[in-house]
Amino acid sequence: MTTSDTIAACDLETLRAAVTGEIFTPGEPGYDQARQAWNLAIDERPAVVVMAESAADVAQAVRFARTHGMRIAPQGTGHGAEPLEPLQGAMLLRTARMRSVRIDPAARTARADAGAVWQDVTVPAGEHGLAALAGTSPNVGVTGYTLGGGIGWLARRYGLAANSVTAAEIVTPGGRLVRTDAGHEPDLFWAVRGGGGSVGVVTALEMRLYPVRELYAGALFFPIGRAGQVLHAWRTWTGTVPDEVTSVGRILRLPPLPEVPEPLRGQAFALVEAAFMGDAGTGSELLGSLRRLGPELDTFAMIPAPALQQLHMDPDQPVPNQGDGAFLADLPDAAIDALVALAGPDADTPLLSVEVRHLGGALARPAPGGAQPDVGARYAVFAGGFTPTPELVGTVRAHAQAVTDALAPWHASYDYYNFQETPAAASTVLPAASYRRLQEIKARYDPDQVIISTHPVWPARP
Ligand SMILES: Cc1cc2nc3c(=O)[nH]c(=O)nc-3n(C[C@H](O)[C@H](O)[C@H](O)COP(=O)(O)OP(=O)(O)OC[C@H]3O[C@@H](n4cnc5c(N)ncnc54)[C@H](O)[C@@H]3O)c2cc1C
């Protein structure tokens, strides 16, 4: 018998009466839509879905789940749903309707409710000449991204998004709504700064914003046949640039879809994408050696900070997809050659994108106070593709894993929390000392392992 069978109808009515949001159970109209993650390849079937409208709803839902012996999977958008364990018998606690954002231009901070997506923050922050440490996609959730670290276009200058969190509001697994910051519930605060969402359900995050009004940013597109030359040149170039430059070397096979603009539709490229926090003249000088390679298309220009979220061309609608990634301690010639062999012009691959992000800079400098206090890895790789048919799921996954496997000799000591899409314990995506501390905190706040998170943490045993 599953937990869902054991939720009596009258109990559900009590929950419905207690929350402003909606509740869905299997078979009810709306259940399939409510349980659908942004990643359309995911088919989770929880015992109940709660679409929370407020922190009070979240607290009611957590208390209900505890009373009924259910585990709880907090989720915003479902961009990160791929590694989640099966949710049979569990409550899927969705925050997607909690999207209020407040910008304080004087204090240079933002407060985002747990369901906000990045464009909810970047657009109003941009109106004040401020930028958040958002990721590449406008519709990835602020909360899931930040809990897992968060590496975006300003990362080499300002570090991980998690390390710019100044406060978090959390419903503990005991059902208590608490506000945490460096002085209140410091262990919980430390855990949500990069340790994932395993210690409670976040209802809001507060974070620092940075004075970045405009950047010199864009992409150089080369024919895919030049992938080896371009990636080697890009890697050499990354050794020369200041922290104000964050860039990506990438092999991209654009699908023949109407959403893709005409000159790019159905084409394959090797490209360099970059964002420079400075003026066009200095940016052009910095880019000189790569430009001299003679790109087919050059989109670099001064752009407002919120427009950064179009630079990487992430899908703006939910799509079925699979992928995998890793932190790399280094990217020598042999690693680039391995990558080009698997994804370059001669590869027979369903992978849409294979990218390497340049890390270092502020990411590498100590930022104590969170579970990812510094990132020693110098690069991060991510490979992924669309899976419009179920048969493609295994194929794309195998190709993505082949890329990360081929780079195994250069993997860092742990993988990147947000890019690890294979089910894996948090011990594989955090520094060892952070994982041990997280286990202690988990033992205190969630000894029964009620919260289901992307990468599980097992409570320390006395
Ligand atoms: C198109 C695309 C682009 C991306 N770009 C980047 C990028 O530039 N940089 C980067 O670092 N990552 C990037 N990622 C990875 C992304 O950061 C992770 O997938 C992240 O988990 C997504 O967060 P979410 O809230 O949207 O997803 P969700 O699936 O909603 O959440 C992921 C996990 O976060 C936790 N969580 C979410 N909300 C809560 C909550 N309220 N309380 C407690 N725990 C919670 C849960 O464990 C949940 O399973 C990208 C992913 C995609 C699909």
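Computed from a prediction, not measured in an experiment: that's the story for all the values here. Both ligands and their constituent atoms are indexed starting at 1 by order of listing.
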Visitor: Please name the pair of heavy atoms, one in Ala425 and one in Trp458, separated by the smallest distance, quoted to 0.1 Å.
Guide: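 Answer, listing the atom of Ala425 first, then Trp458: CB-CZ3, 3.5 Å.
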
Visitor: Check ligand 1 against Phe419 and write out every atom of the ligand that is under 4.0 Å from a heavy-atom position of the residue.
Guide: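 Contacts of ligand 1 toward Phe419, numbered from 1: 10 (C), 12 (N), 13 (C).
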
Visitor: Say whether Gly150 and ligand 1 are in contact under the criterion: heavy-atom distance to a ligand atom below 4.0 Å.
Guide: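 For ligand 1, residue contact (heavy atoms, under 4.0 Å) with Gly150 is present.
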
Visitor: Can you check whether Gly141 has an N/O within less than 3.5 Å of an N/O in ligand 1?
Guide: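 Gly141 vs ligand 1: N/O contact under 3.5 Å present.
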
Visitor: Using a 4.0 Å cut-off to any heavy atom of Tyr416, which atoms of ligand 1 qualify?
Guide: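 Counting atoms of ligand 1 from 1, those under 4.0 Å from Tyr416 are 10 (C), 11 (O).
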
Visitor: Would you say Ala81 contacts ligand 1, with heavy atoms under 4.0 Å as the rule?
Guide: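 Distance cut 4.0 Å: Ala81 passes for ligand 1.
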
Visitor: Taking 4.0 angstrom as the limit and counting only heavy atoms of Thr143, give me the atoms of ligand 1 inside it, by number and element.
Guide: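 Listed by number with element, the hits are 38 (N), 39 (C), 40 (C), 41 (N).
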
Visitor: Considering only protein heavy atoms, which is closest to atom 29 (O) of ligand 1, and at what distance to one decimal place?
Guide: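 Result: Gly80 N, 2.9 Å.
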
Visitor: Kindly determine whether His455 and Tyr417 satisfy ring-ring contact (aromatic ring centres under 6.0 Å, His included), including the steps that lead there.
Guide: CA-CA 8 Å; His455 299 298; Tyr417 195 108; 4.6 Å; yes

Visitor: Measuring only between side-chain heavy atoms, which start at C-beta, is Asn163 closer than 4.5 Å to Arg193?
Guide: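 The answer is yes; the side chains approach within 4.5 Å.
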
Visitor: Output the list of atoms in ligand 1 that are nearer than 4.0 Å to some heavy atom of Gly78, sorted by atom number.
Guide: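 Numbered from 1, ligand 1 contributes 27 (O), 28 (P), 29 (O), 30 (O).
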
Visitor: For ligand 1, which atoms sit closer than 4.0 Å to a heavy atom of Thr136?
Guide: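 Once the distances to Thr136 are compared, the set is 5 (N), 7 (C), 8 (O).
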
Visitor: Going by ring-ring contact (aromatic ring centres under 6.0 Å, His included), His79 matches just one of Trp118, Trp38, Tyr145, Phe419. Which one?
Guide: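 So the option named by the test is Trp38.
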
Visitor: What about Gly76: any of its N or O atoms under 3.5 Å from an N or O on ligand 1?
Guide: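 N/O-N/O distance under 3.5 Å: yes.
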
Visitor: For atom 53 (C) of ligand 1, which protein heavy atom lies nearest, and how many Å away is it?
Guide: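 Looking only at protein heavy atoms, the one closest to atom 53 (C) of ligand 1 is His79 CD2, 3.4 Å.
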
Visitor: My understanding is that we take every heavy atom of each candidate and find the minimum distance to atom 3 (C) of ligand 1. Doing that for Val199, Asp314, Val192, which one comes out nearest?
Guide: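 The option holding the nearest heavy atom is Asp314.
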
Visitor: Do the side-chain N and O atoms of Thr387 and Asn321 include a donor-acceptor pair separated by under 3.5 angstrom?
Guide: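 The answer is no; no qualifying pair exists.
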
Visitor: Around atom 10 (C) of ligand 1, find the nearest protein heavy atom and jot down its residue, atom name and distance.
Guide: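 Residue, atom and distance for the closest contact: Tyr145 CE1, 3.3 Å.
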
Visitor: Do you know the tightest heavy-atom contact between Asp415 and Gly325?
Guide: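 Closest approach of Asp415 to Gly325, heavy atoms only: CG-O, 4.5 Å.
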
Visitor: Can you tell which part of Asn39 has a heavy atom less than 4.0 Å from ligand 1: side chain, backbone, both or neither?
Guide: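 Looking at Asn39 and ligand 1, no heavy atom falls under 4.0 Å.
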
Visitor: Which atoms of ligand 1 are found less than 4.0 Å from any heavy atom of Ala114?
Guide: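 Counting atoms of ligand 1 from 1, those under 4.0 Å from Ala114 are 41 (N).
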
Visitor: Determine whether the side chain, the backbone, both or neither of Ser453 has a heavy atom under 4.0 Å from any heavy atom of ligand 1.
Guide: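 Answer for Ser453: both.
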
Visitor: Which residue and atom name correspond to the protein heavy atom nearest atom 9 (N) of ligand 1, and how close is it?
Guide: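 Here the closest protein heavy atom is Ile151 O, 2.8 Å.
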
Visitor: Determine whether the side chain, the backbone, both or neither of Arg357 has a heavy atom under 4.0 Å from any heavy atom of ligand 1.
Guide: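 Arg357 to ligand 1: side-chain contact only, backbone stays beyond 4.0 Å.
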
Visitor: Around Arg102, counting heavy atoms of other residues, nucleotides and ligands shown, do more than 12 lie under 6.0 Å from its CZ?
Guide: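 At most 12 heavy atoms, drawn from other residues, nucleotides or ligands, come within 6.0 Å of this atom.
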
Visitor: Is any side-chain N of the basic residue among Glu82 and Arg397 closer than 4.0 Å to the acidic one's carboxylate O?
Guide: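 Between Arg397 and Glu82 there is a salt bridge, with a charged N closer than 4.0 Å to a carboxylate O.
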
Visitor: Among protein heavy atoms, which sits nearest to atom 49 (O) of ligand 1, and what does the distance come to when rounded to 0.1 Å?
Guide: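 Result for atom 49 (O) of ligand 1: Thr454 OG1, 3.2 Å.
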
Visitor: Write out the residue and atom name of the closest protein heavy atom to atom 43 (C) of ligand 1, then the distance separating them to 0.1 Å.
Guide: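 Atom 43 (C) of ligand 1 sits closest to the protein heavy atom Gly200 O, 3.4 Å.
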
Visitor: Return the CZ to OG1 distance between Arg108 and Thr166, rounded to the nearest 0.5 Å.
Guide: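 It is 14.5 Å, given to the nearest 0.5 Å.
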
Visitor: Looking only at protein heavy atoms, which one is nearest to atom 15 (C) of ligand 1, and how far off is it?
Guide: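 Its nearest protein heavy-atom neighbour is Asn418 O, 3.5 Å.
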
Visitor: For ligand 1, does Val202 get within less than 4.0 Å through its side chain, its backbone, both, or neither, judged by non-hydrogen atoms?
Guide: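 Within the 4.0 Å criterion, Val202 contacts ligand 1 through backbone and side-chain atoms alike.
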
Visitor: Is it true that Asp57 and Arg97 have a side-chain N and a carboxylate O under 4.0 angstrom from each other?
Guide: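 Looking at Asp57 and Arg97, the cut-off is not met.
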
Visitor: Going by an N to O cut-off under 4.0 Å, is there a salt bridge joining Arg16 and Glu28?
Guide: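 Result for this pair is yes, salt bridge flagged.
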
Visitor: For a 4.5 angstrom cut-off between non-hydrogen side-chain atoms, does Leu359 reach Ile151?
Guide: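 Yes, their side chains come closer than 4.5 Å.
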
Visitor: Among protein heavy atoms, which lies nearest atom 4 (C) of ligand 1, and at what distance?
Guide: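 Result for atom 4 (C) of ligand 1: Val140 CG2, 3.9 Å.
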
Visitor: Please check whether Gly144 reaches ligand 1 - meaning an N/O of the residue sits under 3.5 Å from an N/O of the ligand, judged on distance alone.
Guide: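 The answer is yes, given that Gly144 and ligand 1 share an N or O pair closer than 3.5 Å.
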
Visitor: To the nearest 0.5 Å, how far apart are CG in Leu130 and OG1 in Thr122?
Guide: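 It comes to 12.0 Å.
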
Visitor: Which atoms of ligand 1 sit under 4.0 Å from any heavy atom of Leu147?
Guide: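 Ligand 1 atoms under the 4.0 Å threshold to Leu147: 36 (N), 43 (C), 44 (N), 45 (C).
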
Visitor: Is it true that Arg71 and Asp448 make a salt bridge, defined as a side-chain N closer than 4.0 Å to a carboxylate O?
Guide: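 Salt bridge between Arg71 and Asp448, a charged N being under 4.0 Å from a carboxylate O: no.
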
Visitor: Taking only heavy atoms of Thr77, which atoms of ligand 1 are found under 4.0 Å from at least one of them?
Guide: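 Selected atoms, number and element: 24 (P), 26 (O), 27 (O), 30 (O).
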
Visitor: Between Arg111 and Asp104, does at least one N-O distance fall below 4.0 Å, as a salt bridge requires?
Guide: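 Salt bridge flag = no for Asp104 with Arg111.
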
